[in-house]
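Below: the structure, in structure tokens.
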Amino acid sequence: MKVLYGGKGNDIISQYVAFTKVYNEQMKRHGRSRDEERIMRTYVANERREAVREAVENMLKTGKMSAEEIAGYFKELSVEDV
């Protein structure tokens, strides 16, 4: 039996493995009674937040914007998050 491990790539296998990990964690935490659509929304929200975090890291590396300015553009992040 082979076990898949999520890599850092954006290939479909890595994305699927990451999704199933989050899904299984949510199912353990909330059980089958939790609406699967809400689980999907939580996963999508987490993925978006991660994408924003990566974009912010790149912006800070260039040094063209301050953390306060970046936080003003990305409302989902506080200055502390940035």
Inset, instruction - Starting at NZ of Lys21, measure out to CD of Glu25 and round the result to the nearest 0.5 Å. - result: 8.5 Å

Inset, instruction - State whether the side chain of Glu69 and the backbone N or O of Ser66 hold a donor-acceptor pair below 3.5 Å, judged by distance alone. - result: yes

Legend entry - Test ring-ring contact (aromatic ring centres under 6.0 Å, His included) applied to Phe19 - qualifying residues, sequence neighbours left out: Tyr23, Tyr43

Inset, instruction - Would you check if Glu50 and Asn46 make a side-chain contact, meaning some heavy-atom pair closer than 4.5 Å? - result: no

Inset, instruction - Enter the distance from Gln15:CD to Thr20:OG1 here, rounded to the nearest 0.5 Å. - result: 12.0 Å

Legend entry - Test side chain to side chain donor-acceptor pair (under 3.5 Å) applied to Arg41 - qualifying residues, sequence neighbours left out: Glu37

Legend entry - From CD (Glu57) to OG1 (Thr62), nearest 0.5 Å: 12.5 Å

